[in-house]
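So the structure is just underneath, and the comments pick up after that.
Positions are given from 1 along the sequence.
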Amino acid sequence: MLLFQDICIQIMTRYFIIVFFSLICFQATSQLCQGSLGDPLININFGAGNNPGPSIAAATGYPYVTSDCPDDGFYTVRNNTSNCFGNSWHNLTGDHTGNTNGYFMLVNASIQPTAFYIDTIRGLCGNSTYEFASWIMNVNLPTTCSGNPIQPNLTFSIEKTDATILQTYNSGNIPPAASPVWKQYGFFFITPAAGSDIVVRIINNAPGGCGNDLALDDITFRPCGPQLTPSIAGQTTTYADICEGSNTGFTFNCSVSAGYINPVFQWQQRFNNSAWADIAGANSTSFNKNFIPSNAIGIYDYRLSVAEAGNTGFPQCRISSQPLTVTIHANPVATAFNDGPVCIKSMLTLTATGGSQYTWTGPNGFTATGAVVNINNFQAAQAGTYFVQVSNAAGCSNMASTLVNIKPSPVAAVSFTDASICLTDSIQLSASGGGTYEWFPATALSANTIFDPKASPVNNIRYGVSVMNTAGCRDTAYININVFSKAIANAGPDRNVISGGSVILSGSIQGSYLSFTWSPPVNINNTGQLQPIVKPTGDAFYILTVLSNNGCGISIDSVFVKVIQDIYIPNSFTPNKDGINDQWNIPALDAYQNFEMFIFNRYGELVYKNSQINKGWDGMYKSSLLPTGTYVYIIKLNVSGQVLKGTVMILH
């Protein structure tokens, strides 16, 4: 520490550069450069390729091995590590930049502390400040060695070739991490006035054993000097974007902090990351650059390079600002097209390519945005030229256009637009105006692809016909059909009546009608009543005739009334499901609307009851067929007050 302070004092005394060394000598402990850096004079990255990497030309004091996992006191050069020492090391997949093929130096420390990297660096400028830096990783997992691995502790020493120490720096213990962590360690130093060669020595101070394993990558030496702060006049960033064909000028500025006694300035430029080149005559802290339409598309970088007078001819003595970048972006290659010619009333699609934003204009004040634009129900007045401004992500734009034409359109016509028919009737449809026809819906049509189908709908319906011409364009016309229902006569179910008695007929009419009547008009109380009372003297038919609305004709239905002279009651039946005499039926009961029937077994238990609705008995009781035997019935004819009693026998 005292040696470095002495050096700082001597240099400040000799060169009177008090302000500069207040920047770089404010601590005797190691620091990375606090000002601006030059391009790396030395960049030792160990190369790249397949495993194993080659041995290192610099002195190491450690033997080289080709395996993944070197033992204590050995090193290797690899682009990865895998499963070292029972997975007690990190599995590395590349160098510190993430390059999967990039090599790094992998060191397993020797038992005794010693230098493991010694190299002579040549060509540094005298009496100049340089930053030394390298990237280090502790490759041990925190769980290694029962959670207490030996931690690498490095000393970096910069020496003259005669072993005089110029500056040293100690990293302190480098702790393990749960995941691989590269960290940059470095400091700045001043080269001697006479002689530009120095020796870098990296010493591992910790003992070998369980732990103390590390990876080393990217050793760099870079000139260090005052702080250079570049800017572009009128810009809030250090970059600017312009478009191909622009005529734009920029003023590049760079503020330079104190530090050099007699600084010399030189602006440099490069194109598309090529080598930096000095710009003749650009020797102040400002530089004007005008971009003209003929400038090539690409990335233009500018930076200010600064050195002490007398050192400007040596790139290794210069420091440089961060680049100021102007990017000339290509204008988009704009295209526009459409899917026309289109038919009137169809959808037109406009399409543009070449950018990220699209602004359309067209006939009749049309505007839209987007790469794909759909125009529904396209009309003749919308035909013409459509223009689109295509812009890319850089804000550069270009124009394209597309001409939209239309096809001739047919005019669909029908022979009538409204009609009425009666249910079950048909009507002839007819259309004109095209070469092909398609009727929809196809419901109740004799055909749907001819110009004159017959329609027989059962409900009100709207038919459309699509007419297409030879250009493939369509037009549509419509016909409304009203369907009137024919009135349906229903004379009701047949009836039975006791001789001398009367019965009510159950007539009904479905649909709309004008009038109805019963015939013949004998033995009926009212022929103009749907439910008349009839009192026939013998079996008779009664006919209900209905006249429909809308001229849809008449409907006729009849009912048979049977006159029963007496009640016949069967005395047995055979419910064996052979289809013969399976039920006990008394048809004459149909004539007694309010009768009641009771059937009992020989124990007096009620096994069947029926009332009002006459239906046969199947011999079942509680879901089971009753056994062969005699059963007693009682039938009450409530209208007449008569009670019928007797027996019926179930036979199997």
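Pairs of residues two or more places apart, or lying in two chains, that qualify as side chain to side chain donor-acceptor pair (under 3.5 Å) and include a residue from residues 136-159 are N140-D213, N153-N170, N153-N173, N153-N205, T155-N170, T155-N205, S157-E159, E159-R201. Among residue pairs with one or both ends in residues 357-373, none qualify as side chain to side chain donor-acceptor pair (under 3.5 Å); sequence neighbours excluded. Identified under the salt bridge (charged side-chain N to carboxylate O under 4.0 Å, His left out) test for residues 230-254, with sequence neighbours left out: none. Applying the disulfide bond (SG atoms under 2.5 Å apart) definition to pairs two or more places apart or across chains, those involving residues 35-91 are C69-C84. Judged as a side chain to side chain donor-acceptor pair (under 3.5 Å), not a single pair has a partner in residues 175-188 (not counting sequence neighbours). The side chain to side chain donor-acceptor pair (under 3.5 Å) pairs that include a residue from residues 385-397 number zero, where partners must be two or more places apart or lie in different chains.
Other residues, nucleotides and ligands place no more than 12 heavy atoms under 6.0 Å from the CZ atom of F314.
D68 and S82 share no donor-acceptor pair across their side chains, judged by distance under 3.5 Å alone. T325 and D301 form a side-chain donor-acceptor contact under 3.5 Å, judged by distance and modelled atom types alone. Defined by atom type and a distance below 3.5 Å, a donor-acceptor pair is present between the side-chain atoms of D162 and T164. Between the side chains of N91 and T81, not a single donor N or O lies within less than 3.5 Å of an accepting N or O. Side-chain N/O atoms of D71 and N108 include no donor and acceptor closer than 3.5 Å.
Residues meeting the side-chain contact (heavy atoms from CB on, under 4.5 Å) test with T236, sequence neighbours left out: none. In this structure, the side-chain contact (heavy atoms from CB on, under 4.5 Å) partners of N405, at least two apart in sequence or on a different chain, are P341, L403. Applying the ring-ring contact (aromatic ring centres under 6.0 Å, His included) test to F337 and every residue at least two apart in sequence or in another chain returns nothing. Applying the side-chain contact (heavy atoms from CB on, under 4.5 Å) criterion to N377, with sequence neighbours excluded, gives K345, Q379. Listed by chain and number, the residues in a side-chain contact (heavy atoms from CB on, under 4.5 Å) with S346 are V342, C343 (sequence neighbours excluded). Taking C317 as the reference, C125 meet the disulfide bond (SG atoms under 2.5 Å apart) condition, with sequence neighbours excluded.
Note that OG of S401 is 11.5 Å distant from CG of L350, once rounded to the nearest 0.5 Å. Interatomic distance, CH2 of W267 versus CG of L324, reported as 5.5 Å (0.5 Å rounding).
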Decide side-chain hydrogen bond (donor to acceptor under 3.5 Å, both in side chains) for T327 and Y239; before the verdict, give the C-alpha distance in whole Å, the side-chain angles of both, and the deciding distance to 0.1 Å.
CA-CA 8 Å; T327 302; Y239 57 88; over 6 Å; no
Between T114 and Q112, does the side chain to side chain contact (heavy atoms under 4.5 Å, CB included) criterion hold? Intermediate values first, please.
CA-CA 6 Å; T114 185; Q112 297 299 322; 5.9 Å; no
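The six-membered or imidazole ring of Y130 lies away from that of F188, with a centre-to-centre distance of 6.0 Å or more. Checked against the 6.0 Å centroid threshold, Y302 and F250 do not count as a close aromatic pair. Taking the six-membered ring for Trp and the full ring otherwise, the centers of F132 and F221 sit less than 6.0 Å from each other.
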